[in-house]
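Computed from a predicted model, the values in this text were never measured in an experiment.
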Number of protein chains: 2
Amino acid sequence: MQPPETVPSEDETQGKGFVSDYLLYLLAAASEAASAQFHAHVRTHGLRVPEWRVLAWLHDRDGAMITRLARISLIEQSRLTRIIIQMEERGLVIRKGDTRDRRRVRVHLTDKGRQIAEQLVTDARAHETALLAQLEGGDGARLKPALAALLARLDPDGQTRGEPDA
Amino acid sequence: MQPPETVPSEDETQGKGFVSDYLLYLLAAASEAASAQFHAHVRTHGLRVPEWRVLAWLHDRDGAMITRLARISLIEQSRLTRIIIQMEERGLVIRKGDTRDRRRVRVHLTDKGRQIAEQLVTDARAHETALLAQLEGGDGARLKPALAALLARLDPDGQTRGEPDA
DNA sequence: CCAAATTATATGAATTTTCATACTTATTGC
DNA sequence: GCAATAAGTATGAAAATTCATATAATTTGG
């Protein structure tokens with residue numbers, strides 16, 4: 001058995017309860033908390049979070065099709081269709097039918113869209129650096145690999161990640 | 001300069017891009033992926049995710065007020081008000097005005113609500129155990145502490161956590 | 001080559017969610 | 001003790017989101 005010191009003092013006030021040490025909650029809460037500031041910044045550019053995600057992915061790889069963009073951007077497909085239409089109306093992206101497979105619609109950044117995407121990606125990089133720097137000890141360094149490992153395990157085909165052609 | 005082997009082979013296909021290694025994305029995607037299965041299970045009980053979160057918190061500490069429940073359950077206040085009303089209509093919770101501070105509304109589990117909450121918490125524990133077991137190496141063990149550290153840093157007052165009285 | 005199944009996107013309609021703000025009760029500073 | 005401010009909850013109305021399904025284009029199997 002392990003010595004008791006490894007346990008966070010079983011009743012630091014009364015035992016803490018289930019949720020506050022529950023992995024799925026920690027993930028959701030950490031995601032929210034970590035993103036709050038930057039998402040507020042995104043909104044100052046007149047974008048909602050899903051729109052920023054779309055721009056960021058297109059920045060990495062332009063001309064993605066709707067379904068794929070939906071998967072990796074964590075947005076339901078019919079919602080993304082409408083979001084893309086709005087973004088097109090605002091001149092951020094354009095849609096082009098895929099000539100090989102005419103069911104597909106490919107989404108491309110406009111110059112305006114690319115400009116915003118590049119600015120925000122730059123800002124995001126800076127924000128991430130600052131955030132990781134705040135985590136003393138190994139925690140900051142360990143976090144990304146641990147998350148990546150979790151994702152890889154849960155989504156072996158990279159449906160949710162940047163896989164070239166999943 | 002570092003030897004190149006420490007770098008993830010700069011063009012494993014073309015360089016991967018920004019998003020797929022961006023902390024805020026990894027957090028959001030990992031949260032989604034990790035929760036997908038269990039959230040589906042929650043829905044089979046006729047509950048939406050926010051409702052499950054409310055039940056889980058009340059399971060830990062009954063009689064929370066709306067504002068606080070909203071913060072820790074990651075739900076916007078006016079939305080939670082309506083969700084609580086719906087849950088009350090379905091007999092999962094009851095609202096009681098706080099007699100000390102008559103602005104406050106305290107939410108309590110009904111027997112029915114508590115029964116569902118307990119069942120789901122049990123299921124959640126089992127699911128979490130299974131999930132962590134899948135992560136070989138130290139990743140599983142390191143993940144929760146790293147997330148907790150991130151949260152603690154971003155939310156020192158425990159507004160988002162189970163603090164007895166934040 | 002054709003019918004059946006599958007994939008990609010779009011859309012109607014109901015429901016949810018958001019945002020701003022109203023209302024009520026408490027707290028603070030004078 | 002009172003006016004001003006803050007805190008807690010609720011609510012109308014606009015907007016977003018979901019769900020099921022339609023439509024169109026491809027792929028598969030025989």
[X] has a side chain; which of [options] sits nearest to it?
X       : options                : answer
A/Ser78 : D/dT11, D/dC19, D/dA24 : D/dC19
A/Ile66 : C/dT9, C/dT24, D/dT17  : C/dT9
B/Thr81 : D/dT9, C/dA26, D/dA13  : D/dT9

Between [N] atom [atom2] and [X] atom [atom1], what is the distance in whole Å?
X        : N      : atom1 : atom2 : answer
A/Gln77  : D/dA20 : CD    : P     : 14 Å
B/Ile83  : C/dT16 : CD1   : P     : 9 Å
B/Arg104 : D/dT9  : CZ    : P     : 7 Å
B/Asp98  : C/dT27 : CG    : P     : 11 Å
B/Arg68  : D/dA7  : CZ    : C1'   : 16 Å
A/Arg79  : C/dT15 : CZ    : C1'   : 14 Å

Worksheet entry | side-chain contact (heavy atoms from CB on, under 4.5 Å) partner of A/Val19, chosen from B/Asp60, B/Ile72, B/Val121 |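 Only one option passes, and that is B/Asp60.
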Practice prompt. Report yes if at least one side-chain N or O of B/Arg102 is closer than 4.0 Å to OP1 or OP2 of C/dT24; otherwise report no.
Written response: no
Discussion item. Does a side-chain N or O of B/Arg48 approach OP1 or OP2 of C/dT16 to a distance below 4.0 Å, or not?
Written reply: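 Answer yes for this pair, as a side-chain N or O of B/Arg48 is under 4.0 Å from OP1 or OP2.
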Discussion item. What I want to check is whether an N or O donor and acceptor connect the side chain of B/Arg103 with the base of C/dT24 at under 3.5 Å.
Written reply: no
Worksheet item: Does a side chain donor of either A/Thr122 or A/Glu118 reach within less than 3.5 Å of an acceptor in the other side chain?
Response: no
Discussion item. Less than 3.5 Å apart, any donor N or O on the side chain of B/Gln115 or B/Asp111 sitting next to an acceptor on the other?
Written reply: no
Worksheet item: Of B/Arg43 and A/Gln86, whose closest DNA chain D nucleotide lies nearer the 5' terminus?
Response: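 Nearer the 5' end of the strand: A/Gln86.
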Worksheet item: Taking for each residue the nucleotide of DNA chain D bearing the nearest heavy atom, is the 5' side occupied by A/Arg82 or by B/Arg95?
Response: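 Nearer the 5' end of the strand: B/Arg95.
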Item to complete: Identify whether any heavy atom of A/Arg100 sits under 4.0 Å from a base atom; if not, whether one sits that close to sugar-phosphate; answer base, sugar-phosphate or nothing.
Response: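 Sugar-phosphate only.
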Worksheet item: Taking NZ, NE, NH1 and NH2 as the nitrogens, is one of them in B/Glu51 or B/Arg48 under 4.0 Å from a carboxylate oxygen of the other?
Response: yes
